[in-house]
Amino acid sequence: MKQYGLYIFDLDGVLYRGDEVIHETPEAIARLKERGALIRFLTNNSSKTRRQYADKLKALGFSSTENDVYSSASATATFLQQANARSVFIVGEEGLREEIETKGVRIDHESADWVVVGICRSLTYELIDQAQDRIRAGARFLATNLDATFPDSGGRIRPGAGSMVAAVSAAADKPPDLLIGKPEPTIVKQIWADTGVTPERTLLVGDRLDTDIQCAINAGCDSALVLTGVQSDPEHLNPKPTYILGSAAEVV
Ligand SMILES: [Mg+2]
């Protein structure tokens, strides 16, 4: 395998499953760093702040700071700041709220010019109603990500942000104007802007074809599919990753 200057790792299904670290991945990432490679972490999950992800990674044996972590929440906040958003109505959780507030964007449910929808485990009729009312009044509709479900421990499937986006979409009678998370290349491009590394020197490592591998293709960099997450069958893959690995520990 070619050596890269920047490795971008998806989290769930790649470095851990729930609270269980995937064998020898902390050691492999430490070795990449010794070689001088940059490491960044990228998750579509918008429920936590970057600090919370960095704390979880540290607890599992990875060396990371919050500046190494990119989530659909932090990328949404960066996007809204750059778009000069005045105020935002949020259908989402504390992680998303905190990231948006940190960027100085006002959260105002009366006159918001943006409606942001992410995973929201306290979703109510009232929230869907207010969101669709703002969108019908002209607010732009942003989805953090479209993952309809996600795998939880014990093989249980749970509703993901895409299910909340679908509810608001149905009520507002329109699809989102904008998607930030994978497979859109937005977050990978933010990482390149922050690190100065080129697409040719970047490898994106993920466990999902429809988000991670498609994101690498959309962004224009190489990708590695690992078989420790949602995709366990290496046959008939579409889209095709650059590499197929048993686990992220094999990137070294
Ligand atoms: Mg994953």
Side-chain angles (χ1 to χ4, degrees), residues 10-12 18 41-56 66 69-152 157-184 186-188 190 208 211 215:
D10 174 49
L11 297 180
D12 220 341
F41 305 100
L42 167 54
T43 176
N44 258 3
N45 192 327
S46 68
S47 65
K48 295 190 180 81
T49 62
R50 286 175 302 157
R51 173 172 298 269
Q52 287 171 314
Y53 285 114
D55 288 346
K56 175 170 182 171
E66 66 178 287
V69 179
Y70 290 74
S71 72
S72 66
S74 68
T76 293
T78 300
F79 171 83
L80 290 169
Q81 184 190 42
Q82 288 171 352
N84 293 317
R86 276 189 298 110
S87 58
V88 180
F89 180 92
I90 297 175
V91 178
E93 299 189 5
E94 210 39 51
L96 182 59
R97 182 176 306 275
E98 262 188 59
E99 292 288 356
I100 288 174
E101 279 178 334
T102 302
K103 293 286 185 193
V105 179
R106 203 156 52 87
I107 294 169
D108 173 8
H109 284 186
E110 296 307 314
S111 63
D113 56 347
W114 286 87
V115 171
V116 173
V117 182
I119 190 166
C120 181
R121 282 166 286 195
S122 56
L123 185 70
T124 59
Y125 181 90
E126 180 67 22
L127 269 176
I128 298 170
D129 180 44
Q130 287 182 296
Q132 66 89 20
D133 189 48
R134 289 308 318 152
I135 293 166
R136 285 179 190 273
R140 302 203 61 203
F141 177 11
L142 183 154
T144 60
N145 61 301
L146 294 180
D147 306 56
T149 59
F150 65 91
D152 205 352
I157 297 291
R158 307 262 181 202
S163 297
M164 284 93 225
V165 172
V168 174
S169 262
D173 195 24
K174 65 172 285 186
D177 295 304
L178 202 73
L179 167 64
I180 295 291
K182 299 172 281 189
E184 290 300 307
T186 310
I187 309 180
V188 171
Q190 282 185 7
R208 291 183 77 117
T211 53
C215 176

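The two residues Ser72 and Asn45 make their nearest non-hydrogen contact at OG-C, 3.9 Å.
Using a 4.5 Å cut-off on side-chain heavy atoms (C-beta onward), Phe79 and Leu142 make contact. Side-chain contact check for Cys120 versus Leu127: some heavy-atom pair is nearer than 4.5 Å.
Of the inter-residue distances, the one linking Ile100 atom CD1 with Leu80 atom CG reads 5.5 Å to the nearest 0.5 angstrom.
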Atom pairs and distances, side-chain donor-acceptor, residues 159-181, under 3.5 Å, sequence neighbours left out:
unit_1	atom_1	unit_2	atom_2	d
Ser163	OG	Ala148	O	2.8
Ser169	OG	Val165	O	3.4
Ser169	OG	Lys174	O	3.0
Lys174	NZ	Asp177	OD1	2.9
Lys174	NZ	Asp177	OD2	3.3
Asp177	OD2	Phe141	N	2.8

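The main-chain N or O of Arg208 is never found under 3.5 Å from a side-chain atom of Lys182 such that the two would form a donor-acceptor pair. Remark: the backbone N or O of Ala112 is paired with a side-chain donor or acceptor of Arg134 at under 3.5 angstrom.
Every residue two or more places apart in sequence or in another chain that forms a side chain to side chain contact (heavy atoms under 4.5 Å, CB included) with Asp12 is listed here: Tyr16. Taking the salt bridge (charged side-chain N to carboxylate O under 4.0 Å, His left out) definition, one finds that Lys56 meets it with Asp19, sequence neighbours left out. For Thr49, the side chain to side chain contact (heavy atoms under 4.5 Å, CB included) partners at least two apart in sequence or on another chain are Arg51, Gln52, Glu98, Glu99.
Residue pairs meeting the salt bridge (charged side-chain N to carboxylate O under 4.0 Å, His left out) criterion with at least one partner in residues 135-145, sequence neighbours excluded, do not occur; the list is empty. Within the structure, every pair that satisfies the salt bridge (charged side-chain N to carboxylate O under 4.0 Å, His left out) test and touches residues 104-130, not counting sequence neighbours, is listed here: Arg86-Asp113, Glu93-Arg121, Arg106-Asp108.
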